Structure formats: C-alpha cells, structure tokens
Student: 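First the structure, then my questions, so here it is.
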Amino acid sequence: MLVLITYDVNTEDAAGRKRLRQIAKQCVNYGQRVQCSVFECLVDAGQCKQLQAKLLSIIDEQKDSLRFYYLGKQYENKIEHFGCKTTYMPEEPLII
C-alpha cells in the first residue's frame, strides 16, 4: 500500500532539529521524499506499523505533528502532480 507521511517538527531548539533529522532519516529508509516534510512510502501493513512506531518514539507530541495518509494499492488514480519535480512511481524500476 502507498502511505503518505507528513510531519511538522518544532525546530526552535537543538532537540527539535535533531528530531527533524531523525524522522527524515527513518522515512528515507521506507520511501521517497516528495516535498520537504512529505514522504511517499510503498510498504506492507507490518512495515507501516513498524515505521509508525519508530516515528512516534522520536516526535514530541506536545510540539510536533505527524500524519499518515493511507492511499492503498490503487494509489495511481488518487494522485495528481503538477509542477517542476518529476512524479515518483514507487513500483517502476529505478534507473541510476
């Protein structure tokens, strides 16, 4: 399933900046950054719960926000992209 993960971390202090880096690092392990604080992750239910648990252990629930949008397996029809960045298609081959 495709899961869209968004986060907003309070970076007014060093601890917040550290949380921001830690969250991004975990999300990179599961998906592709599509905007500054937005990741598209193609994961199964177990991986999703594992990532969610990791991210929840990092954030400060009094200062930060974390959202998961479950787009499912038929996500191609639910996404429209406009603008300069290329569209990320997680199931297509990655050519480097």
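The structure presented is a predicted model; accordingly, all values stated were derived computationally and were not measured.
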Student: I'd like to know whether Asp44 forms a side-chain contact (heavy atoms from CB on, under 4.5 Å) with Gln47, so could you lay out the CA-CA distance, the side-chain angles of the two residues, the decisive distance to 0.1 Å, and finally the verdict.
Tutor: CA-CA 5 Å; Asp44 61 33; Gln47 291 170 321; 3.3 Å; yes
Student: For Cys41 and Cys27, work out which heavy atoms get closest and say how close.
Tutor: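 Closest approach of Cys41 to Cys27, heavy atoms only: SG-O, 4.3 Å.
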Student: Enumerate, atom names and distances included, each donor-acceptor pair closer than 3.5 Å involving a side-chain atom of residues 48-56, sequence neighbours excluded.
Tutor:
from, atom 1, to, atom 2, distance (Å)
Gln50, OE1, Tyr30, OH, 3.3
Gln52, NE2, Tyr70, OH, 3.3
Lys54, NZ, Tyr30, OH, 3.2

Student: Taking side chain to side chain contact (heavy atoms under 4.5 Å, CB included) as the test, write out the residues that go with Leu20, two or more places apart.
Tutor: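 Listed in chain order: Tyr7, Val9, Thr11.
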Student: Taking salt bridge (Lys or Arg N to Asp or Glu O under 4.0 Å) as the definition, give me every residue that meets it alongside Asp13, ordered by chain and number, with sequence neighbours left out.
Tutor: Lys63
Student: With sequence neighbours left out, what residues match Glu12 under side chain to side chain contact (heavy atoms under 4.5 Å, CB included)?
Tutor: Asn10
Student: Applying side chain to side chain contact (heavy atoms under 4.5 Å, CB included), name anything that partners Val38, two or more places apart in sequence or on another chain.
Tutor: Leu4, Thr6, Val34, Gln35
Student: Under the rule for side chain to side chain donor-acceptor pair (under 3.5 Å), what residues qualify as partners of Arg67, not counting sequence neighbours?
Tutor: Tyr69
Student: Taking all atoms of both residues into account, what is the closest heavy-atom pair of Ala45 and Met1, and its distance?
Tutor: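 Looks like CA-CE, 3.7 Å.
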Student: Nearest 0.5 Å please: distance from the CD1 atom of Ile23 over to the OG atom of Ser57.
Tutor: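 It is 9.0 Å, given to the nearest 0.5 Å.
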Student: Nearest heavy-atom pair of Arg19 and Asp64: which atoms, and what distance?
Tutor: NE-OD2, 2.7 Å
